[in-house]
Structures are given as structure tokens and as C-alpha cells.
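Here the structure is laid out as C-alpha cells; the discussion comes afterwards.
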Amino acid sequence: MRASVIFILALAMGGLTTVLLFTYLNDEGKAEVKKNMVQVVRATEDIEQNTTITNDMLETVEVSENEVHPQAVKNKKEAEGRFATGRIVKGEILLSHRLQTQVDEKRIVSNKIKPGFRAVSVGVNAVQSVPT
């Protein structure tokens with residue numbers, strides 16, 4: 001008799017906990033309706049590596065401020081005329097480290113090597129690098 005009473009109380013408390021948790025989670029979702037929205041730039045089409053980004057490849061969308069990446073591009077002017085450092089898929093939010101200018105392009109050693117040529121690196125330590 002005593003075990004069945006404890007079992008029924010446990011079921012009732014479990015059910016009450018489930019109902020309270022469900023209502024709490026539903027209220028939390030409704031509270032976050034458009035608090036602080038920030039505009040970010042998103043790709044409207046697939047952008048391949050080393051492609052110059054134009055205005056028609058981009059669109060601005062509003063995203064909640066707490067969901068925005070710190071390096072997200074906020075306006076189209078920051079991205080226009082730059083090159084993609086890697087493939088950017090349609091719908092992806094643009095990040096500043098994925099874009100480079102012509103000056104940045106010239107700093108990368110692998111981009112200085114012409115097609116059909118090879119680069120060689122030689123490892124040396126501090127002693128070997130000093131001429132004798």
C-alpha cells in the first residue's frame with residue numbers, strides 16, 4: 001500500500017514538472033521577439049574562391065544582436081570589390097576574415113608563384129642562417 005502511494009505521488013510530481021517546464025520554455029521563446037536587430041550581409045549566390053564580390057551577389061538581412069558573429073560584415077560597401085578567400089555558399093553570412101583586398105592578395109606567397117613554376121623552402125636554424 002505504501003509503495004503504491006509513493007509511486008502515484010512520483011507520477012503526479014513528474015507530470016506537474018513536465019507541464020511547468022513546457023509552459024516556461026514557451027514563454028521564453030515569445031519574450032525574444034525582435035529585441036535588438038542588427039543588419040548583416042549575406043550571399044545571394046555561391047561565390048567561388050578568388051572571385052571579386054559585387055553588389056548583386058549580396059543582400060542585407062536582420063539578425064538578432066546576440067546571434068551576430070563579431071567579424072560579420074555589417075554593410076555591403078565593406079565587401080564590394082574584395083576577393084573571397086574561400087568558397088562562400090548561398091545564404092552564408094559574410095565574415096571579414098573571408099574577404100581580402102588586392103593588397104592582401106599580393107602578400108600571400110603562394111599567389112606570387114606563376115602557373116608551371118614551383119617554390120622551394122629551405123629549413124635553417126639561427127646558426128646556419130648566419131653567413132661565415
Side-chain angles (χ1 to χ4, degrees):
M1 170 83 179
R2 184 164 169 87
S4 62
V5 171
I6 292 174
F7 181 70
I8 292 172
L9 282 174
L11 284 176
M13 289 188 182
L16 178 66
T17 304
T18 303
V19 169
L20 290 174
L21 180 66
F22 181 74
T23 56
Y24 173 75
L25 291 176
N26 279 342
D27 290 342
E28 281 293 311
K30 292 176 185 172
E32 291 187 24
V33 178
K34 287 199 173 185
K35 284 186 177 176
N36 293 329
M37 302 301 278
V38 177
Q39 286 196 349
V40 293
V41 178
R42 179 170 69 181
T44 58
E45 60 187 63
D46 289 345
I47 303 171
E48 297 299 324
Q49 184 176 1
N50 295 326
T51 303
T52 304
I53 297 174
T54 60
N55 191 25
D56 59 326
M57 296 177 177
L58 308 172
E59 68 178 353
T60 56
V61 292
E62 288 190 352
V63 180
S64 177
E65 186 175 25
N66 59 353
E67 296 175 358
V68 175
H69 191 280
Q71 293 182 343
V73 176
K74 302 281 194 293
N75 60 34
K76 291 182 180 182
K77 299 237 185 250
E78 293 178 38
E80 285 181 40
R82 291 183 168 217
F83 297 95
T85 59
R87 186 171 189 264
I88 300 173
V89 295
K90 179 180 178 180
E92 182 178 343
I93 303 290
L94 294 181
L95 302 176
S96 59
H97 74 275
R98 305 274 316 265
L99 308 173
Q100 64 185 7
T101 62
Q102 188 72 27
V103 175
D104 297 334
E105 178 81 15
K106 291 179 181 177
R107 291 183 186 161
I108 299 172
V109 174
S110 62
N111 292 337
K112 292 180 180 181
I113 302 168
K114 297 175 186 168
F117 288 83
R118 293 186 183 185
V120 177
S121 63
V122 179
V124 295
N125 60 26
V127 176
Q128 293 172 336
S129 65
V130 177
T132 57

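All values reported here derive from a predicted model rather than from experimental measurement.
Ala79 approaches Leu94 most closely through the heavy-atom pair CB-CD1, 3.9 Å. A pairwise comparison of heavy atoms in Leu58 and Lys76 identifies O-NZ, 3.5 Å as the closest pair.
For residues 91-102, the pairs satisfying salt bridge (Lys or Arg N to Asp or Glu O under 4.0 Å) are Glu92-Arg98, with sequence neighbours left out.
Other cluster members for Val130: none, since no ILVMFWY side-chain heavy atom sits under 4.5 Å from it. Grouping Ile, Leu, Val, Met, Phe, Trp and Tyr by side-chain contacts under 4.5 Å, direct or through others, puts Leu16 with Leu20. Clustering of Ile, Leu, Val, Met, Phe, Trp and Tyr by side-chain heavy atoms under 4.5 Å joins Ile93 with Val38, Val40, Val61, Val63, Val68.
Partners of Glu65 according to the salt bridge (Lys or Arg N to Asp or Glu O under 4.0 Å) rule, which considers only residues two or more places apart in sequence or in another chain, do not exist here. Glu59 is linked by a salt bridge (Lys or Arg N to Asp or Glu O under 4.0 Å) to Arg42, counting only residues two or more places apart in sequence or in another chain. A search for side chain to side chain donor-acceptor pair (under 3.5 Å) contacts involving Asn75 returns nothing, not counting sequence neighbours. Judged as a side chain to side chain contact (heavy atoms under 4.5 Å, CB included), and not counting sequence neighbours, Gln49 has no contacts. The side chain to side chain donor-acceptor pair (under 3.5 Å) test applied to Gln71 returns His97, not counting sequence neighbours. Partners of Thr52 under the side chain to side chain contact (heavy atoms under 4.5 Å, CB included) rule, at least two apart in sequence or in another chain, are Phe83. Applying the side chain to side chain contact (heavy atoms under 4.5 Å, CB included) rule to Phe117 yields the partners Ile113, Lys114; only residues at least two apart in sequence or on another chain are considered.
With Leu99 as reference, Val73 is the one residue of Thr85, Ile47, Val73 to meet the side chain to side chain contact (heavy atoms under 4.5 Å, CB included) rule.
Distance check: Ile88 CD1 to Glu45 CD gives 11.0 Å after rounding to the nearest 0.5 Å. Here the CD atom belonging to Gln100 is positioned 10.0 Å from the CD1 atom belonging to Ile53, to the nearest 0.5 angstrom.
A donor-acceptor distance shorter than 3.5 angstrom exists from the side chain of Thr44 to the backbone of Met57, with no hydrogens or angles considered.
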Please table the atom pairs, donor to acceptor, closer than 3.5 Å between any side-chain atom in residues 120-128 and protein atoms at least two apart or in another chain.
unit_1: Asn125; atom_1: OD1; unit_2: Val127; atom_2: N; d: 3.1
unit_1: Asn125; atom_1: OD1; unit_2: Gln128; atom_2: N; d: 2.9
unit_1: Gln128; atom_1: OE1; unit_2: Asn125; atom_2: N; d: 3.3

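A salt bridge links Glu48 with Arg87: the closest approach of a Lys/Arg side-chain nitrogen to an acidic carboxylate oxygen falls below 4.0 angstrom.
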Quick one, Val41 with Glu78, criterion side-chain contact (heavy atoms from CB on, under 4.5 Å). Give me CA distance, side-chain angles, the key distance, then yes/no. CA-CA 9 Å; Val41 178; Glu78 293 178 38; over 6 Å; no

